Trainee: 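First the structure, which I've put down as structure tokens, then a few questions once you've had a look.
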Amino acid sequence: MTTTLASLKEWVDSVAKLTEPDKVHWCDGSTAENERLVSKMLASGELLKLNHETYPDCYLHRSDPNDVARVEHLTFVCTANPDDAGPNNHWMEPAAAHEKIDALFAGAMKGRTLYVIPYCMGPIDSPFARLGVEITDSPYVVVNMRLMTRMGKDALARIEREGTFVKGLHSTGDLDPDKRFIMHFPEELSIKSIGSGYGGNALLGKKCHALRIASWQARQEGWLAEHMLIVGVENPQGETHYLACAFPSACGKTNLAMLIPPASQPGWKIWTLGDDIAWLHLDDDGQLRAINPEAGYFGVVPGTNAKTNKNAFDMIHHDTIYTNVGTTAENEPWWEDKKVGEPATDWKGNPYKAGNGAAAHPNSRFTVSAKQNPSYSTLAEAPDGVPLSAIVFGGRRRELAPLVYEARDWRHGVLMGAGVASETTAAATGEVGVVRRDPMAMKPFCGYNFADYWSHWLSFADRSKKLPRVFHVNWFRQDQDGRFLWPGFGENLRVLRWIIDRCDGRVGARETPIGFLPNASDIDTRDLELSENALESLLSVDIAQWQKEMAAVGEYLEGYGDRLPAELKDEQRRVLEALQS
Ligand code: SAT
Ligand code: MN
């Protein structure tokens, strides 16, 4: 296989010349090809076969112990003007960046195979889908990209028809963290990544293309590329509302997208459209519609069990790639809070010893086709996507943020998104549990200056009179003793129901300076064991604390200088003044 598209052929040839692979393989995405790659990795030890009776066609990959998460400090946005990348990104001058990284790519694929992966982000026949080609020397990346994207023959045919695609070059290099870089060149629609084989660093269709490069394209073309799950909530009357929810990595997007309604909520159904990324477009009627550019899930494993997320738990019992989990004596995958089995081996392959650290790495992942999800919505294949009723922001916050509240209008909603803060998680290297600003959950993923990004968000108000309502949720509030006030997981449906009632104008709310909060009686707490006063705490607004928070949001926004839209600053001032009066 090769290609009729000269620009693609020339690029692959030039990369082969630089990296000097033994062989070049064009991926067609077929089952036979996948089987050959799996056999090859079983032979080399890159994959281990798990118990094939209880976990048919499941494999374990152990990544290098120094390569287990995204590396934000080594991720760069390389634009001609540093202000276009903005204070939210690490920047390098494009020519210097190419020179630096090309020196590392020189000869990097000696003794290896260069794989060419044509892929499509979004339904293959969607006008909103975008194309890419990843070159990699990692067969693990190929088999993951096959699950995460529409990869192979059909994607190549569309690339050849359209002639444009995002160029992604990846090599695992020698895994030396000092020679690891993830570089983005939005002006050239290209990505270069070396020195890591893990997740978002290496599966270039995901964060690098579908968020960093796509957010840049989206601004130029008038749409939004967001770090959001997409979920359909069907009521007992059979009507479905679609919500897009932005939470930081490892804050429960996959669980919410696959939620199972509890027994107390008969007749409700949940449909999963996506668990991580949403591309949003206005249609001719001014309705905001969402597609999921991905075709699979790269989800956090620890904590997944029959109670927290039964859909996911069932889905990952076959045809799943596990990365960095432990194993049992029966060679089944094992992770913390799995609730069945005992670990025998940890994620590094050493005998498991209690007190010697977790069996599964906290950022261990499953890769699985979305079609295996029992709550998968066939509308995930709809070329035009689904109409959104609401946008929901959220973070992981022990205190301050109420369970749910609603913005008074779009502009306030943009401020709400810009002010999102969350405790850091194991999804990225660095300290865990420190609160940091993570606007729209896009801090690690926005491919351009946040100030311009907020202007772009604000501009939607001039383009449509019927934008979705905007909400903020927080499932992670704790009491003084560090216990969660809200049970979360399936019970979150009770909060989604309030959100939908608000969208339909069926329920009132209490106006506060930070937005509209539910009246306690409008949250269904039937059969729920909440500790005393829990709901009251969950729905309270501590004015003194919020004054501090809004002042801190103001200072944070000031950090964006002249490019910050005045409208956003005005909105922050309005809320702060309301809190002070
Ligand atoms: O490693 S990924 O970036 O794909 C996962 C995440 O952090 O959301
Ligand atoms: Mn994510």
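Source: prediction; values computed, not measured. Counting convention: from 1, in listed order, for ligands and their atoms alike.
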Trainee: So for ligand 1, is His227 a polar contact partner (N or O within less than 3.5 Å, distance only)?
Mentor: no
Trainee: Would you mind checking which non-hydrogen protein atom is closest to atom 1 (O) of ligand 1, with the distance to 0.1 Å?
Mentor: Gly200 N, 3.0 Å
Trainee: Regarding Asp275 and Thr254, is there a side-chain donor-to-acceptor distance under 3.5 Å anywhere?
Mentor: yes
Trainee: Where the closest heavy atom to atom 5 (C) of ligand 1 is concerned, which of Lys253, Glu72, Arg365 has it?
Mentor: Arg365
Trainee: Regarding ligand 1, does Arg70 bring an N or O atom to under 3.5 Å of one of the ligand's N or O atoms?
Mentor: yes
Trainee: Tell me, please, if Lys253 has any N/O/S atom, main chain or side chain, under 2.8 Å from the Mn ion (ligand 2)?
Mentor: no
Trainee: One pair to check against ring pair (Phe, Tyr, Trp, His ring centres under 6.0 Å): Tyr560 and Trp454. What are the steps and the verdict?
Mentor: CA-CA 11 Å; Tyr560 287 84; Trp454 296 320; 5.0 Å; yes
Trainee: Looking at Asp276, pick out the N, O or S atom nearest to the Mn ion (ligand 2) and give its name.
Mentor: OD1
Trainee: Should Arg112 and Glu46 count as an ion pair when the cut-off is N to O under 4.0 Å?
Mentor: no
Trainee: Would you say Lys207 has any N or O atom under 3.5 Å from an N or O of ligand 1, going by distance alone?
Mentor: yes
Trainee: Just to be sure I read this right, does ligand 1 sit under 4.0 Å from the backbone of Phe298, its side chain, both, or neither, counting only heavy atoms?
Mentor: side chain
Trainee: Quick check: does any side chain N or O of Glu491 sit under 3.5 Å from a backbone N or O of Trp486, one acting as donor and the other as acceptor?
Mentor: no
Trainee: Quick one: does NZ or CZ of Lys207 land under 6.0 Å from the six-membered ring centre of Phe445, within 45 degrees of the ring axis?
Mentor: yes
Trainee: Could you tell me if Arg212 and Thr75 have a donor-acceptor pair between their side chains, going purely by distance under 3.5 Å?
Mentor: no
